[in-house]
Amino acid sequence: MFLKLLALCLFAFLIYAPIAEARIRRYKWEVKYEYKSPDCYKKLVTTINGKSPGPTILAQEGDTVIVEVTNKLLLENLAIHWHGIRQIGTPWSDGTEGVTQCPVLPGDTFKYEFKVDRAGTYLYHAHAHAHYGMQRESGLYGSIRVSVPDNFTEPFAYDYDRSIILTDWYHKSTYEQATGLSSNPFVWVGEPQSLLIQGKGRFNCSSASLTADTCNTSNPECSPYAITVIPGKTYRLRVASLTALSALSFQLEGHNMTVVEADGHYVEPFVVKNLFIYSGETYSVIIKADQDPSRNYWMTTDVVGRPPTTTQGLGFLNYYPNHPRRSPPTVPPTGPIWNDTAPRLAQSLAIRAHHDFIVTLPTTSDRAIVFLNTQNRINGYVHWSVNNVSFTLPHTPYLIALKKKLHHVFSQTPPPEGYDLVNYDIYNVSKNPNATTSNAIYRLGFNTTVDIILQNANTMTVNNSETHPWHLHGHDFWVLGYGEGQFDKNKDPKNYNLVNPIMKNTVPLHPYGWTALRFKADNPGAWLFHCHIEAHFYLGMGVVFEEGIDKVGELPSSIMGCGRAGGPPVLYSPPSHIGKHVMGAAPRVYGGEYVSLNKGPVPPSAPNPITHGP
Ligand code: C2O
Ligand code: CU
């Protein structure tokens with residue numbers, strides 16, 4: 001008997017031993033406000049376990065990540081999105097408030113659980129919307145690094161692996177910014193005060209009359225971020241952007257960068273001096289520490305695409321054993337010309353799938369949807385729209401509404417499939433900038449192939465077209481092509497790259513240009529597709545896709561409890577960590593006000609408050 005058991009165990013061991021076991025990676029996070037001085041200016045920052053950026057999630061392909069997050073923000077709702085993770089089989093863990101879940105209320109704990117099914121560089125960030133949205137830009141973000149399976153060889157070699165996230169940083173609170181966006185006349189916060197590299201930047205405190213307590217350039221919290229490198233070694237540097245507004249370029253003084261990965265996909269390598277990066281994108285670059293090791297070298301980031309009134313973001317490469325605080329002896333190199341779109345378009349076009357990792361794509365699509373991107377007015381209030389519809393979220397998250405067939409909780413009138421390609425003048429301010437709002441969604445046939453053509457246009461400012469980084473939840477798409485000017489539906493598809501298109505989850509739409517994408521609607525759920533600029537999404541620049549809703553498994557009750565979503569009790573109970581007396585009157589923070597932002601009469605001669613924003 002014993003021998004038999006032993007044999008059985010041995011047999012089991014032989015079967016399972018060669019397969020590295022997928023692990024569970026557990027995290028416990030507490031989200032709260034703290035005073036911090038990331039760019040030397042002291043303000044409230046949303047932190048995870050006291051840090052911003054938050055802890056890096058490290059996992060291996062196939063692992064399960066479990067994050068238990070407690071909302072200690074006192075008054076704000078919370079949801080955290082795992083940007084780039086497709087949530088196959090777990091659409092309720094996507095962390096999109098209003099789309100895939102009800103928000104996590106102050107005092108509550110929510111458990112996210114999902115599989116990281118593909119190696120690569122990903123991100124996480126707050127994705128609460130509603131009135132106070134914008135927690136991402138007040139510091140709630142971090143990196144997810146998923147390593148390749150054992151015995152897998154990547155198409156490039158390196159000795160060390162490092163991650164940085166680039167962000168832009170405002171001194172005004174997100175409340176002030178959001179209030180401005182939804183005011184008439186419109187109040188635009190303007191350009192960010194600084195750029196942060198891995199949460200560190202430098203504001204020129206003497207440029208404003210601030211006390212040393214408010215702004216202090218000798219505060220170690222704002223000493224520039226340094227990556228220590230060993231001379232002669234090769235580094236994989238994972239660079240990501242989670243800016244609220246800015247398109248960026250990134251440089252390493254004296255070092256070329258070889259781009260090898262984009263949004264979790266291997267790239268046919270190419271070398272750059274400036275890496276252009278848009279909010280929501282991730283890249284891996286290979287660098288070699290092969291310069292004169294007696295000094296350190298600047299790491300810089302600059303705003304492109306908008307008049308750069310924000311000072312350059314600075315960090316440096318610290319050649320070991322030089323002192324990690326010793327600034328490079330040179331003047332930091334200046335960035336590229338801010339309004340030269342050509343090199344940015346050229347980089348977009350240069351990104352192709354690595355020849356050994358091409359994911360073959362369907363050569364035709366079942367449906368092509370054109371999304372005209374415009375800035376608009378609705379009752380005098382500024383909005384952003386696709387096809388003249390500015391997106392709003394319903395009270396009941398779509399995933400729940402769809403699964404439970406609550407058809408009355410959002411508009412059932414299908415949103416527009418396109419616009420008048422021929423007659424819309426993308427180069428001029430629209431004569432009629434008026435748009436409408438809707439919470440209708442695009443329902444896609446399960447497993448069908450869908451093409452999206454993003455078309456840019458002039459904003460409401462003369463001679464101005466913005467860059468919009470579009471991000472798709474739940475999928476990667478193939479990037480079929482980019483073009484300048486108006487998309488020609490007869491001519492342009494003939495030039496689509498069907499040979500080696502890169503797959504991505506975030507892609508820029510360049511000024512006055514178009515971008516074409518293809519994806520398979522093969523992931524049951526409800527998925528947001530939106531501009532990753534905080535203010536643009538806040539003002540309606542997004543859509544939702546649904547596919548295969550009948551194939552979605554049973555929804556966890558933890559995502560419910562708002563709108564008509566049933567689930568746990570809807571009544572607000574004061575969070576345990578704050579006095580009932582103080583908070584007694586607090587309403588349920590979520591609930592019911594998404595659409596009412598922009599009511600009010602139109603002043604007949606409303607001045608145009610837009611200079612260069614949003
Ligand atoms: Cu990184 Cu819906 O966002
Ligand atoms: Cu945008």
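In listed order, ligands and their atoms are each counted from 1.
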### Task
Would you check if the distance from the ring center of Tyr112 to the ring center of Trp82 is below 6.0 Å?
yes
For [X] and [Y], does a side-chain donor sit closer than 3.5 Å to a side-chain acceptor?
X      : Y      : result
Gln101 : Thr96  : no
Thr109 : Thr70  : yes
Glu534 : Gln177 : no
Asn432 : Ser430 : no
His171 : Asp39  : yes

### Query
Are there any protein N/O/S atoms under 2.8 Å from the Cu ion (ligand 2), and if so, which?
His468 ND1, Cys531 SG, His536 ND1
### Query
In this structure, are over 12 heavy atoms from other groups packed under 6.0 Å from Lys115 atom NZ?
no
### Query
Does Glu484 CD have over 12 foreign heavy atoms under 6.0 Å away?
no
## Note on the structure
Given a cut-off of 2.8 Å, the protein N, O or S atoms lying below it from atom 2 (Cu) of ligand 1 are His127 NE2, His473 NE2, His530 NE2
#### Entry: Carboxylate-amine/guanidinium contact Arg443 Glu546, below 4.0 Å
yes
